[in-house]
Asker: 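So that we are looking at the same thing, I have put the structure below in structure tokens.
Just so we're on the same page: letters track the sequence lines, and every chain starts at 1.
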Amino acid sequence: MEYNELEKIRVEKIHRMRAAGIEPYPTRANVTHTCRAAIELFESAEAKGDPTLPEITLAGRLRSIRPMGKLIFAHIEDGSARLQLFLRVNEVGENKLEELSEYYDLGDFIEASGTLFRTRTGEISLRVNTFRMLAKAITPLPAAKDEIVDGKVVRHATLSDPETRYRQRYADLAVNPEVRQIFRTRTAIVRALQEFLDKNDFLEVETPILQPIYGGAAARPFITHHNQLKQDLYLRISFELYLKRLNVGMFDRVYEIGRDFRNEGVSFKHNPEFTQLEFYMAYADYLKVMELTEQMIVHVCDKVLGARRFPYGDHVIDVTPPWRRLELRQGILDVTGIDIDQHPTAESLAKTMHAKGMNFNPNYPRGKLIDTLLGDYLEPTLIQPTFLYDYPRDISPLAKAKPGNPAITERFEGFIAGMELCNAFTELNDPLDQEARFIEMGNTYAEDDEERNPIDIDYLRAMSYGMPPIGGFGMGIDRLTMLLTNQRTIRETILFPHLRERDE
RNA sequence: GGGCGCGUAGCUCAAUGGUAGAGCAGUGGCCUUUUAAGCCAUUGGUUGGGAGUUCGAGCCUCCCCGCGCUCACCA
């Protein structure tokens with residue numbers, strides 16, 4: 001490590017401490033209370049009018065030091081709260097007090113023992129008898145100074161450069177409590193989803209991340225290699241094909257929450273690895289899944305936010321069921337005036353889109369053109385929760401056709417705040433139809449198109465054993481977290497988002 | 001990958017093409033109820049990297065690196 005001038009001063013302090021017989025990194029800490037527990041202890045004792053308070057020991061990072069000669073005010077912060085230390089020469093002694101100004105810096109982890117009281121300004125504080133270093137920090141925290149206004153911490157000139165925040169997330173988290181809150185919420189979201197699905201008799205399972213054949217989505221994979229087996233493997237792009245194998249194996253309701261990997265562009269709503277929830281429910285169809293989706297999102301909002309209405313950007317989103325249900329064809333007709341049913345071929349649709357001055361890839365098949373209309377014109381208008389349903393067959397190779405209309409599949413996507421949140425369908429469980437679709441898909445992609453999924457023979461074999469009717473569902477956890485924490489980029493909901501490698 | 005923008009002290013930010021600065025942090029002092037404590041003094045820079053134009057470049061030009069926004073891409 002190369003240390004800068006500020007850091008070298010602190011390294012020097014470490015050496016001077018050791019020379020003075022003080023260990024800057026003692027092995028054990030002796031903590032009796034978190035800061036939060038200490039505050040609660042004092043408040044309840046105060047409410048009972050109980051003047052006897054035990055001596056307690058707290059630990060945390062030094063976040064402020066205000067020396068006033070023979071009296072020093074400081075704040076420590078642990079994972080629970082921030083608490084003021086009151087260090088007076090009367091209690092700690094002259095030598096010990098000098099030790100503080102001699103060796104201690106903002107950011108150091110320390111331990112302090114004493115009794116709680118209120119200062120003249122009314123702040124609950126620890127009257128410190130003794131204290132000790134727990135872990136000396138060398139690099140200064142990237143926060144200039146904090147102020148406490150009405151009990152809330154106001155930070156001045158704190159770390160805000162996004163690049164540094166993402167690359168050094170530890171420093172971001174250490175100084176920006178609202179960032180910590182996003183990730184607490186994220187975990188609460190996952191817990192609430194698990195709770196909901198468990199309650200509905202779903203079994204949480206884990207399926208392979210390293211796969212010999214990738215599938216279940218149209219995306220380019222990451223490729224890796226197993227040395228001993230001399231075999232290329234792919235990092236999964238979805239869980240779908242493995243989870244439905246489990247339905248064949250008589251697990252009627254299964255779900256998985258885990259990581260998908262897609263070797264594609266990075267943007268405010270795309271990270272190369274992202275967290276997905278997929279569930280598969282035997283004897284259900286997409287209408288059943290729609291209802292379950294509403295209930296599930298409402299459950300999460302109730303649990304995590306305690307509300308069914310929440311702000312996102314300039315909007316207030318209301319997830320109270322029932323959500324709007326809009327046929328894809330009707331939705332596109334409403335916003336573009338194009339009736340896709342009047343254009344059964346890509347040529348016809350492209351001609352009309354061209355006539356309207358729309359921007360699109362002229363080489364796209366019909367399904368992808370429809371997807372363009374959806375993404376460019378319809379999706380941005382879907383602010384309040386909306387289910388778009390009945391998608392064209394050729395962009396839905398794993399979805400079952402609508403009875404009586406082989407060109408349409410029973411599929412829906414959920415949109416909130418102009419963003420695709422989830423994707424679900426009545427699963428195709430006819431092995432002969434599935435094989436035909438795979439072959440059809442293979443033909444629509446060029447030989448070298450990496451989005452062209454290789455045919456998964458084993459999946460077809462599983463289906464051949466008999467696959468029950470299934471309603472399937474997938475949702476991005478990162479995007480759901482964006483919604484519920486009012487964040488504009490996916491990077492704010494991923495602890496360590498991928499950034500380009502940088503020479504150090 | 002294309003377009004636009006940004007990169008200055010540890011952090012947040014200034015600086016007409018003309019001596020690189022402030023606040024906080026740091027360092028040395030004073031101060032026994034402060035809370036961005038205060039007061040006095042003081043250190044700190046290859047202005048992301050490289051090349052060019054110019055008497056002179058943080059500023060203008062080009063190349064490179066990184067980040068942001070956006071388009072493309074993305075079931």
Asker: For a quick test of reading the model: is some side-chain N or O of A:Lys368 closer than 4.0 Å to OP1 or OP2 of B:C74?
Answerer: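 So the side-chain polar atoms of A:Lys368 do come within 4.0 Å of the phosphate oxygens OP1 or OP2 of B:C74, strictly under.
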Asker: Is the shortest side-chain N/O distance from A:Lys13 to OP1 or OP2 of B:U27 below 4.0 Å?
Answerer: yes
Asker: To the nearest angstrom, how far is A:Ile9 atom CD1 from B:A9 atom C1'?
Answerer: 13 Å
Asker: Under 4.0 Å between a side-chain N/O of A:Arg411 and OP1 or OP2 of B:A75, yes or no?
Answerer: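 A:Arg411 to B:A75 OP1/OP2: no side-chain N or O under 4.0 Å.
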Asker: Tell me if the side-chain of A:Thr119 makes a donor-acceptor pair with the base of B:U34, cut-off 3.5 Å, by modelled atom types.
Answerer: yes
Asker: B:A72, OP1 or OP2 - any side-chain N/O from A:Tyr364 closer than 4.0 Å?
Answerer: no
Asker: When you check the phosphate oxygens OP1 and OP2 of B:C67, does a side-chain N or O of A:Arg167 lie under 4.0 Å from one of them?
Answerer: yes
Asker: Let me know the distance between CD of A:Glu420 and C1' of B:C74, rounded to the nearest Å.
Answerer: 10 Å
Asker: Can you tell me how far the CG atom of A:Leu62 sits from the CD1 atom of A:Ile110, to the nearest 0.5 Å?
Answerer: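 That separation rounds to 4.0 Å.
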Asker: Could you tell me whether A:Asp105 and A:Lys136 make a salt bridge, using a distance below 4.0 angstrom between a side-chain N and a carboxylate O?
Answerer: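 Looking at A:Lys136 together with A:Asp105, the answer is yes, because their closest N to O distance falls below 4.0 Å.
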Asker: If we take the C1' atom in both B:G23 and B:U19, what is their distance in whole Å?
Answerer: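 That atom pair is separated by 22 Å.
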Asker: Does any N or O donor sit under 3.5 Å from an N or O acceptor when you compare the side chain of A:Glu123 with the base of B:U33?
Answerer: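 Donor-acceptor pair under 3.5 Å: no.
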Asker: Does A:Lys400 make a cation-pi contact with A:Phe425 (under 6.0 Å, within 45 degrees of the axis)?
Answerer: no
Asker: Any salt bridge between A:Arg16 and A:Glu12, counting N to O under 4.0 Å?
Answerer: no
Asker: Which value, in whole Å, describes the distance between the C1' atoms of nucleotides B:U47 and B:A20?
Answerer: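 B:U47 and B:A20 have their C1' atoms separated by 8 Å.
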Asker: Please state the C1' separation for the pair B:G44 and B:U27 - nearest whole angstrom.
Answerer: 10 Å
Asker: Given atom CG of A:Leu159 and atom C1' of B:A25, what is their separation to the nearest angstrom?
Answerer: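 These atoms are roughly 14 Å apart.
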Asker: Taking the P atom in each of B:U53 and B:A14, what is the distance between them to the nearest angstrom?
Answerer: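 Looking at atom P only, B:U53 and B:A14 are 31 Å apart.
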Asker: Is there a donor and acceptor pair closer than 3.5 Å between the side chain of A:Asp161 and the base of B:U12?
Answerer: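 Side chain to base: no pair below 3.5 Å.
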Asker: Does B:C39 have its OP1 or OP2 closer than 4.0 Å to a side-chain nitrogen or oxygen of A:Arg66?
Answerer: no
Asker: Without decimals, in angstroms, what is the distance between A:Glu7 CD and B:U27 P?
Answerer: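 Taking atom P of B:U27 as the reference, CD of A:Glu7 is at 13 Å.
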Asker: For the side chain of A:Lys70, starting at C-beta, report the closest nucleotide among B:U33, B:U32, B:C74.
Answerer: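 The closest nucleotide is B:U32.
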